[in-house]
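Working notes for the structure below.
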Amino acid sequence: MILHTLISYEVLRLVWWLLLGVLLVGFAVMDGFDLGAGMLLPFAGRDDLERRVIINSVGPVWEGNQVWLILGGGAIFAAWPQLYAVSFSGFYIAMFAILVALILRPVAFKFRGKRDEPAWRARWDWALFIGGFVPALIFGVAMGNVLRGVPFRFNPDMHIFYDGSFFGLLNPFALLCGLVSVAMLAMHGAAWLQLKTQGPVAQRARAYGSVAAVATIVLYALAGVLLWKFVDGYRVTSALPADGPSNPLLKTVEVHASAWFTNYEAHPWLYVVPGLGLAGALLALLGLRMRAEMMTFVASALSIAGIILSVGVSMFPFILPSTIDPRASLTVFDSSSSHLTLFIMLVVTAVFIPIIVAYTSWVYSVLRGKVDAAAISEDRGHAY
């Protein structure tokens, strides 16, 4: 018996759909707080020492956090090659903007302290703000466009063509989703700063974080209402074999109002997922007001998980709809890699994800505690 046949193709596709969600949540939770801290840097820190406290709260861990972004991109490339091809070609300029912003962050971390001039450091502080704000906004805009559908198609030879433009991505609903993402990560960054700092920095972080938590609740709820009322969803109207070939053109699809809520109507318990997004943000707001540091951070992470996972739950089995040719829409069951490829990737993931989690846990255990402003002012071993 060939080893990979021990797990059916259908199960492997579902497992990798779930793992993709886990990796996206992992990136948003682990890298999200340092993106949020970067966004809050010019506001929560009023002088150079306070801003150095904020920078040093994320400085030792931000590079390790980006492992989750690499894992997510690698998973899309290997497990969902057609999704990778459409998204990275259609969203090319947006992805390039994210890349520039993410490159700007390490440059700002390294160069900020090279000179003592206030103007020099202020410019790099705003560079760190851009490095946090731009990825947060664009990732949210991308998620909004995924829900609306993307203008791509296949020719008879299965070559992919993207017929949209960068400015077409900047539609009102997608921009609203971008604001949800910005507010969500700003809330998460504030939760982190409350956990890792003290004094005026933590106090300002609580104030800005409270505003961000309220904005997260209001904007996410508004996005849900608009999705229900004004954004058409997609549904498969033909057989979709769970173990069939990876050819999206073998099915038929229709566009239907409120189709993204069909899964919730069929399985009401799924409302727990978006409910977690709202409840987590509300608990984070309460935690910020009560100064309950760990509760706030955990609640913020749960809110992020609920918001991101609600997109996948709403769209299942779709992962990227097409507005030009609905039958070309990519689903979990007709756009994956081969059975053998998914199995090999699962084995590799089963080995390395626990190692990454164990190593990350050890790092955070070693670096636990608050950043010491006195030690930073005396330059006692701090990198930034």
Side-chain angles (χ1 to χ4, degrees), residues 22-41 43-45 50 53-69 128 132 135-136 139 180-217 220 273 275-310 356-373:
V22 169
L23 293 174
L24 291 176
V25 170
F27 166 67
V29 170
M30 299 304 298
D31 205 31
F33 70 74
D34 52 60
L35 293 175
M39 284 191 280
L40 294 175
L41 176 64
F43 312 105
E50 289 180 352
V53 167
I54 295 173
I55 292 170
N56 279 278
S57 74
V58 299
V61 296
W62 73 268
E63 289 176 294
N65 292 340
Q66 290 199 303
V67 168
W68 294 96
L69 177 61
L128 287 170
F139 281 130
V180 173
S181 177
V182 169
M184 175 181 77
L185 296 187
M187 171 186 69
H188 200 45
W192 173 257
L193 292 180
Q194 178 183 242
L195 183 66
K196 293 294 290 184
T197 67
Q198 51 193 344
V201 173
Q203 183 176 353
R204 294 188 200 106
R206 283 190 286 269
Y208 288 116
S210 298
V211 174
V214 172
T216 300
I217 295 169
Y220 181 53
V273 180
L276 183 63
L278 293 171
L282 179 59
L283 284 175
L285 174 62
L286 294 175
L288 287 165
R289 307 314 297 171
M290 296 168 55
R291 303 190 180 189
E293 298 171 354
M294 185 55 69
M295 185 195 87
T296 303
F297 188 78
V298 172
S300 177
L302 291 175
S303 177
I304 290 173
I307 291 172
I308 293 175
L309 295 178
S310 67
I356 293 171
V357 171
Y359 172 77
T360 302
S361 301
W362 176 77
V363 169
Y364 280 89
S365 175
V366 171
L367 298 174
R368 65 186 180 276
K370 295 184 180 292
V371 177
D372 188 350

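Considering every non-hydrogen atom in both Ser300 and Met187, the closest pair reads OG-CE, 3.6 Å. In plain terms, the two heavy atoms of Leu286 and Met295 that are nearest each other are C-CE, 4.3 Å. Taking both residues in full, the closest heavy atoms of Ile356 and Val67 are given as CD1-CG1, 4.1 Å, listed atom of the first, atom of the second, then distance. Between Pro60 and Leu367, the shortest heavy-atom contact is CB-CD1, 3.6 Å. Residues Leu276 and Leu302 share a closest heavy-atom pair of CG-O, 3.5 Å. In terms of heavy-atom proximity, Met39 sits nearest to Gly132 at CG-C, 3.7 Å.
Here Arg204 contributes atom CZ and Leu193 contributes atom CG; the two are 11.5 Å apart, rounded to the nearest 0.5 Å. Atoms CG and OG1, from Leu278 and Thr216 in turn, are 10.0 Å apart once rounded to the nearest 0.5 Å. Between atom CD1 of residue Ile308 and atom CZ of residue Phe139 there is a gap of 10.0 Å, rounded to the nearest 0.5 Å. Note that the CG atom of Leu23 and the CH2 atom of Trp68 stand 6.5 Å from one another [nearest 0.5 Å]. To the nearest 0.5 Å, the span separating CD1 on Ile304 from CZ on Phe27 amounts to 10.5 Å. Separating the CZ atom in Arg368 from the NZ atom in Lys196 is a distance of 10.0 Å, to the nearest 0.5 Å.
Proximity of a side-chain donor or acceptor of Ser210 to a complementary backbone N or O of Leu285 within less than 3.5 Å is not detected. Ser57 places a side-chain N or O within donor-acceptor distance of the main-chain N or O of Ile54, the cut-off being under 3.5 Å. Within the 3.5 Å criterion, the main-chain N or O of Ser361 finds no donor-acceptor partner in the side chain of Ser365. In terms of modelled atom types and a separation under 3.5 Å, the side chain of Thr360 and the main chain of Val357 share no donor-acceptor contact. Here the side chain of Asn65 pairs a donor or acceptor atom with the backbone of Met30 at under 3.5 angstrom.
For the pair Phe297 and His188, the minimum side-chain heavy-atom distance is below 4.5 Å. Counting heavy atoms from C-beta outward, Leu195 and Thr296 have side chains that stay 4.5 Å or more apart. Between Asp34 and Trp192 the shortest side-chain heavy-atom distance does not fall below 4.5 Å.
Remark: Tyr359 OH is loosely packed, at most 12 non-hydrogen atoms of other residues, nucleotides or ligands lying under 6.0 Å away.
Residue pairs that meet the salt bridge (Lys or Arg N to Asp or Glu O under 4.0 Å) test with at least one member in residues 291-307, sequence neighbours left out, are Glu293-Lys370.
Side-chain contact check for Tyr220 and Ser303: no donor-acceptor pair (N or O, by modelled atom type) lies under 3.5 Å.
A search for side-chain hydrogen bond (donor to acceptor under 3.5 Å, both in side chains) contacts involving Gln66 returns nothing, not counting sequence neighbours. In terms of the salt bridge (Lys or Arg N to Asp or Glu O under 4.0 Å) criterion, Arg206 has no residue partners (sequence neighbours excluded).
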